[in-house]
Amino acid sequence: MTPGLPVRRAAVAVLGKVVHNNRMLASELDAVNGHPLYRALADNDRALLRAILGVALRRRGQISDLVEKLLDRPIPEKTGRVEDILHVAIAQILFLDVADHAAVSVAVDEAGGDRMARPYKGLVNAVLRRLIRERDTLLADQDPVALNAPGWLFQRWRDTYGAETARAITAAHMEEPGLDLTLKPAENAAAWAARLGAQVLPTGSLRLVEAGRVEELDGFSEGTWWVQDAAAALPVRLLGDVAGLNVADLCAAPGGKTAQLAAAGAKVTAVDISNNRLKRVSENMARLSLDVEILAADLGKWEPAAPFDAILLDAPCTATGTARRHPDMPWLKRESDIATLAEIQGRFLRRALSWLKPGGVLVYCTCSLEPEEGERQIEALLAEGAGVERVPIASGEIAGLDGLVTASGDLRTLPCHWPSDQPRMGGLDGFFASRLKRVG
């Protein structure tokens with residue numbers, strides 16, 4: 001077998017599942033239940049496959065534009081396999097350290113070994129060789145920042161944040177993110193940063209640029225820390241001191257915020273609709289030695305036995321703010337998804353508020369960049385006069401990142417946000433959070 005063919009074959013298969021069958025990349029790359037071609041690879045080959053897919057998805061718009069320019073006419077093959085073979089090969093040729101001839105050879109062999117793609121083996125060869133000859137001219141004619149987000153989404157960001165910020169968001173999405181860790185409160189951040197070769201971020205999270213296998217890092221097996229984007233760690237902090245309080249973490253999986261609450265001394269009830277996702281929460285809590293009540297329930301139907309002192313609602317959303325870590329997300333979503341999910345968010349928010357004790361605090365958050373899933377939810381709620389008030393985030397609550405607090409007192413992080421006085425090591429996931437108090 002041609003060297004490297006199993007990895008490239010797996011990359012083509014997984015890419016196809018994502019872009020043609022709307023499968024989440026994380027599901028296909030799951031070590032237990034993921035794509036069989038991925039599970040059959042050795043650890044080093046899995047790392048290579050993830051690198052290829054990361055580039056192929058982060059640069060999908062740019063690569064699609066190149067394929068269109070390199071073809072005289074659209075490929076009639078219906079499964080998309082030829083397109084996927086070309087995308088994987090172009091990702092390697094242009095953006096990864098792979099020799100041109102090796103990338104072409106493996107792509108041609110991949111086409112030749114696939115029943116649907118075999119008739120286009122010569123076309124694959126011709127397209128890739130033309131790309132190699134004309135790459136400088138072709139790349140010079142592109143605007144990668146504008147291309148590497150779906151057109152409808154890029155236009156929304158332009159309308160919401162302005163042209164300059166929209167471009168900065170997309171540019172941030174094109175970069176490979178570091179690995180962020182949240183430490184248990186009693187741990188010394190500076191000591192662990194030195195031990196792991198990490199940087200302490202202004203928010204207190206640790207960031208590693210090159211981490212390797214998470215399970216092999218110091219402190220993993222001891223349950224000293226958990227993986228959590230620095231922005232995702234902020235909403236829990238808006239609840240303040242939760243020690244001894246009964247707190248609900250709604251839509252809890254994968255459990256990073258659950259861990260924060262439990263580690264801070266809260267009596268946590270973690271609720272999520274997915275039994276499979278809750279298995280991961282249970283595994284994480286066991287590793288971290290944290291005691292949490294875990295429930296599988298639909299928030300549209302569930303009723304708690306008693307009201308809570310505080311609630312964190314991380315509502316289901318389009319997750320357009322997480323494309324740095326999940327480069328498949330922009331290509332899995334449709335604009336119509338925003339209205340569908342906004343209706344669910346509004347429903348869940350009002351139900352959750354009814355589960356609070358009088359005077360209790362709820363933090364509503366989403367990892368979406370779309371105002372319908374953030375700011376407008378709160379505006380609509382407050383306009384109803386429904387016995388709830390916003391508790392504005394005060395200056396200094398988010399250490400080093402005061403500029404992320406909106407004029408209304410909510411939190412809004414963008415992937416391009418980063419303190420100007422800090423060495424740039426990547427941005428943040430896009431998050432919105434608002435703190436609300438039940439007054440009636």
Side-chain angles (χ1 to χ4, degrees), residues 24 26 153 156-157 160-161 165 169 172-173 180 203 228-239 248-258 260-261 270-274 277 298-300 310-326 328-330 332-353 361-382 388 390-391 393 398 401 404-406 408-417 427-436:
M24 291 181 63
L153 193 53
R156 285 183 60 85
W157 294 340
T160 301
Y161 301 108
T165 300
I169 290 170
H173 286 168
D180 292 352
T203 59
Q228 185 179 30
D229 186 81
L234 299 178
V236 166
R237 293 171 54 180
L238 302 181
L239 288 172
D249 183 9
L250 307 180
C251 306
K257 298 177 183 66
T258 303
Q260 283 181 277
L261 291 166
V271 185
D272 200 277
I273 196 171
S274 169
R277 284 166 59 82
D298 180 349
L299 293 186
I311 293 175
L312 178 71
L313 172 59
D314 189 352
C317 68
T318 55
T320 54
T322 69
R324 293 165 54 252
R325 300 194 181 278
H326 303 287
D328 53 325
M329 282 301 174
L332 294 176
K333 303 302 180 183
R334 298 168 297 180
E335 191 164 15
S336 59
D337 293 335
I338 298 171
T340 300
L341 286 162
E343 188 278 327
I344 295 171
Q345 292 151 12
R347 207 157 28 89
F348 284 6
L349 176 56
R350 286 157 181 78
R351 284 180 61 79
L353 284 166
V361 174
L362 178 146
V363 169
Y364 166 87
C365 64
T366 63
C367 53
S368 170
L369 297 174
E370 316 318 309
E372 295 93 328
E373 301 182 86
E375 293 86 345
R376 292 182 194 170
Q377 288 288 343
I378 306 306
E379 292 166 4
L381 176 73
L382 296 177
V388 63
R390 176 192 274 124
V391 182
I393 301 166
I398 307 299
L401 299 176
L404 306 186
V405 178
T406 70
S408 299
D410 295 328
L411 175 74
R412 166 59 78 188
T413 68
L414 300 177
C416 54
H417 278 149
L428 301 166
D429 277 359
F431 252 88
F432 171 84
S434 184
R435 183 168 52 196
L436 305 166

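The first residue of the sequence shown is numbered 1, and numbering continues consecutively from there. Not measured: the values here are computed from a predicted model.
- Looking at heavy atoms from C-beta onward, L234 lies out of side-chain contact with L238 at the 4.5 angstrom threshold.
- In this structure the side chain of F432 never reaches within 4.5 angstrom of the side chain of E373, judged on heavy atoms.
- Sorted by first and then second residue, the pairs that involve residues 310-319 and meet salt bridge (charged side-chain N to carboxylate O under 4.0 Å, His left out), not counting sequence neighbours, are K257-D314.
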For residues 335-344, which side-chain donor-acceptor pairs fall under 3.5 Å, sequence neighbours excluded?
residue	atom	partner	partner atom	Å
D337	OD2	R334	N	2.8
T340	OG1	S336	O	3.3
E343	OE2	R347	NE	3.0

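- With sequence neighbours left out, A315 forms a side chain to side chain contact (heavy atoms under 4.5 Å, CB included) with L313, Q345, Y364, T366.
- For the atom pair Q377 CD and C365 SG, the distance stands at 12.5 Å (nearest 0.5 Å).
- In this structure, L369 and L414 have side chains that are in contact, with non-hydrogen atoms separated by less than 4.5 Å.
- Residues that satisfy the salt bridge (Lys or Arg N to Asp or Glu O under 4.0 Å) test with E372, not counting sequence neighbours, are R156, R376.
- Across all their heavy atoms, A433 and I393 have their closest contact at O-CD1, 4.4 Å.
- Side-chain atoms of R324 do not come within 3.5 Å of backbone N or O of P415 as any donor-acceptor pair.
- One finds the OG1 atom of T320 at 3.5 Å from the CD atom of E370 (value rounded to the nearest 0.5 Å).
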Item to complete: Mind running side chain to side chain contact (heavy atoms under 4.5 Å, CB included) on V361 and R435 for me, showing each step along the way?
Response: CA-CA 7 Å; V361 174; R435 183 168 52 196; 3.6 Å; yes
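- Among residues two or more places apart in sequence or in another chain, the side chain to side chain contact (heavy atoms under 4.5 Å, CB included) test is passed with A233 by T182, S205, Q228, Q260.
- Side-chain N or O atoms of D429 include none that pairs as donor or acceptor with a backbone N or O of D229 at under 3.5 Å.
- Residues L436 and I378 form a side-chain contact, since some pair of their non-hydrogen atoms from C-beta on lies under 4.5 Å apart.
- Among residues two or more places apart in sequence or in another chain, the side chain to side chain contact (heavy atoms under 4.5 Å, CB included) test is passed with S408 by R390, T406, D410.
- Nearest heavy atom pair, residue L153 against residue P330, reads CD2-CB, 4.1 Å.
- Residues meeting the salt bridge (Lys or Arg N to Asp or Glu O under 4.0 Å) test with D180, sequence neighbours left out: R207, R325.
- Applying the side-chain hydrogen bond (donor to acceptor under 3.5 Å, both in side chains) test to T413 and every residue at least two apart in sequence or in another chain returns nothing.
- A distance of 9.0 Å separates CG in L362 from OG in S434, rounded to the nearest 0.5 Å.
- Counting heavy atoms from C-beta on, the side chains of L332 and H326 never come closer than 4.5 Å.
- Taken from CG in L349 to CG in L381, the straight-line distance is 5.0 Å, to the nearest 0.5 Å.
- Checked against side chain to side chain contact (heavy atoms under 4.5 Å, CB included), A248 has the following partners two or more places apart in sequence or in another chain: L250, F308, I311.
- With hydrogens and angles disregarded, no donor-acceptor distance shorter than 3.5 Å links the side chain of D328 to the backbone of M24.
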